[in-house]
2 protein chains.
Amino acid sequence: MQGIKPSMRSPLGREIPDQVDPVLEELVRGIIAQVADKWTMLILEVLEEHGTLRFTQIGKLTEGISQKMLTQTLRQMERDGFVSRIVHPVIPPKVEYSLTELGHSLSAAFCGVWEWAAARHADIEAARRAFEARNRAD
Amino acid sequence: MQGIKPSMRSPLGREIPDQVDPVLEELVRGIIAQVADKWTMLILEVLEEHGTLRFTQIGKLTEGISQKMLTQTLRQMERDGFVSRIVHPVIPPKVEYSLTELGHSLSAAFCGVWEWAAARHADIEAARRAFEARNRAD
DNA sequence: CGGAATCCTGACAGATACTG
DNA sequence: CAGTATCTGTCAGGATTCCG
């Protein structure tokens with residue numbers, strides 16, 4: 001009886017109810033889906049590494065992103081409180097982005113998944129090769 | 001100089017190189033994208049909670065999944081070594097799925113993100129309301 | 001410079017039908 | 001029961017153009 005929801009295995013002794021509010025669950029799932037998004041993760045990393053950056057700079061540092069997705073992703077991250085967006089009313093425009101405390105904490109939370117993936121990727125690759133071999137045999 | 005990659009902030013003192021192999025990075029990113037997939041996460045949870053299950057049972061317990069996506073997702077998870085698939089050669093067919101050790105460890109790895117999301121969802125919702133209010137004002 | 005608006009396509013999800 | 005095959009629609013996301 002263990003689940004990926006912390007309510008069922010939380011090492012902290014906190015009294016999280018076993019029956020998680022389905023509304024909360026749905027919300028949390030949505031949040032995870034968003035933060036696990038390709039561009040969100042990349043931008044998160046770029047901002048972690050470089051601190052405050054301007055729009056175009058993020059675009060250059062985020063390999064392969066289109067202007068549309070950059071705008072869209074940054075908006076979403078701003079909306080969720082992960083990045084702060086400061087507009088300097090000058091000509092030409094200057095907009096600076098940086099991670100909020102919430103953004104940094106998100107980054108830290110994902111660190112565990114990164115460590116897991118880095119530690120186990122060899123097992124995954126092995127599993128894939130084994131799977132290939134199995135299916136080639138029939 | 002901090003990133004979401006553990007190489008830059010790993011609390012464990014292990015000697016992970018600061019310059020992560022870009023190939024590995026791409027792989028890890030792909031893995032995360034997959035495991036963060038909606039159905040993958042749901043099935044992961046269902047199997048954690050119920051142990052070994054048959055194809056149809058997983059379908060019933062995974063609200064809203066189509067039979068196509070169930071097959072597809074289970075195949076992928078089997079390919080990556082997260083679930084084992086045992087076919088009993090009887091009539092009618094009987095196929096049993098269960099998590100492997102790798103699957104359980106994946107589940108555990110994501111627990112941290114769940115805890116983060118559960119702990120911080122109020123902040124995110126507040127940020128969203130503030131964002132709404134801000135944009136309503138102009 | 002930092003976007004917004006528009007158009008377009010291809011990948012992927014859902015529904016349906018068939019099968020060992 | 002546990003799939004496969006096929007068709008179709010939707011929609012995320014790229015390219016392009018324009019604007020304060």
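None of these values were measured; they are calculated from a predicted model. Below, chains carry the letters A, B, ... as their sequence lines are ordered, and counting in each starts from 1.
- Between B/Thr56 and D/dA2 there is a side-chain N or O to OP1 or OP2 distance below 4.0 Å.
- Counting atom types as modelled, A/Gln67 pairs no side-chain N or O with a base atom of D/dG14 as donor and acceptor under 3.5 Å.
- Listed by residue number, the members of residues 83-96 of chain A with any heavy atom below 4.0 angstrom from DNA chain D are A/Pro93.
- At distances below 3.5 Å, at least one donor-acceptor pair connects side-chain atoms of B/Thr71 with backbone N or O atoms of B/Gln67.
- Rounded to the nearest 0.5 Å, atoms OG1 (B/Thr73) and CE (B/Met41) are 12.5 Å apart.
- Contact check, B/Tyr97 against D/dC1: no side-chain N or O comes under 4.0 Å of OP1 or OP2.
- To the nearest angstrom, C1' of D/dA2 lies 13 Å from NZ of B/Lys60.
- Per the geometry, NZ belonging to A/Lys38 stands 12 Å off P belonging to C/dC12, to the nearest Å.
- Taking only distance into account, the side chain of B/Gln72 never meets the base of D/dT4 through a donor-acceptor pair shorter than 3.5 Å.
- Here D/dA12 presents its P atom at 18 Å from CG of A/Leu70, a figure rounded to the nearest Å.
- With a 4.5 Å cut-off on side-chain heavy atoms, A/Val46 and A/Tyr97 do not count as touching.
- Atoms CE (A/Met69) and C1' (C/dA4) sit 15 Å apart, rounded to a whole Å.
- With a 4.5 Å cut-off on side-chain heavy atoms, A/Asp80 and B/Arg128 count as touching.
- Protein atom CZ of B/Arg75 is 11 Å distant from nucleotide atom P of D/dA5, rounded to whole Å.
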Please report the C-alpha distance between B/Ile43 and B/Ile65 in whole Å, then the side-chain angles of each, then the deciding distance to 0.1 Å, and finally whether the side-chain contact (heavy atoms from CB on, under 4.5 Å) criterion is met.
CA-CA 10 Å; B/Ile43 292 173; B/Ile65 196 170; 4.1 Å; yes
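- Distance A/Lys68 NZ to C/dA4 P: 12 Å, rounded to the nearest Å.
- From A/Thr40, atom OG1 reaches atom CE of A/Met69 across 8.0 Å, with rounding to the nearest 0.5 Å.
- Contact between the side-chain N/O atoms of A/Arg54 and the OP1/OP2 oxygens of C/dG2 is found at a separation under 4.0 Å.
- One atom, CZ of A/Phe55, and another, C1' of C/dG2, lie 6 Å apart when rounded to the nearest Å.
- Ring orientation note: the planes of B/Phe110 and A/Phe110 are nearly perpendicular, at an angle over 60° on the 30°/60° scale.
- Per the geometry, CD1 belonging to B/Ile65 stands 14 Å off P belonging to D/dA2, to the nearest Å.
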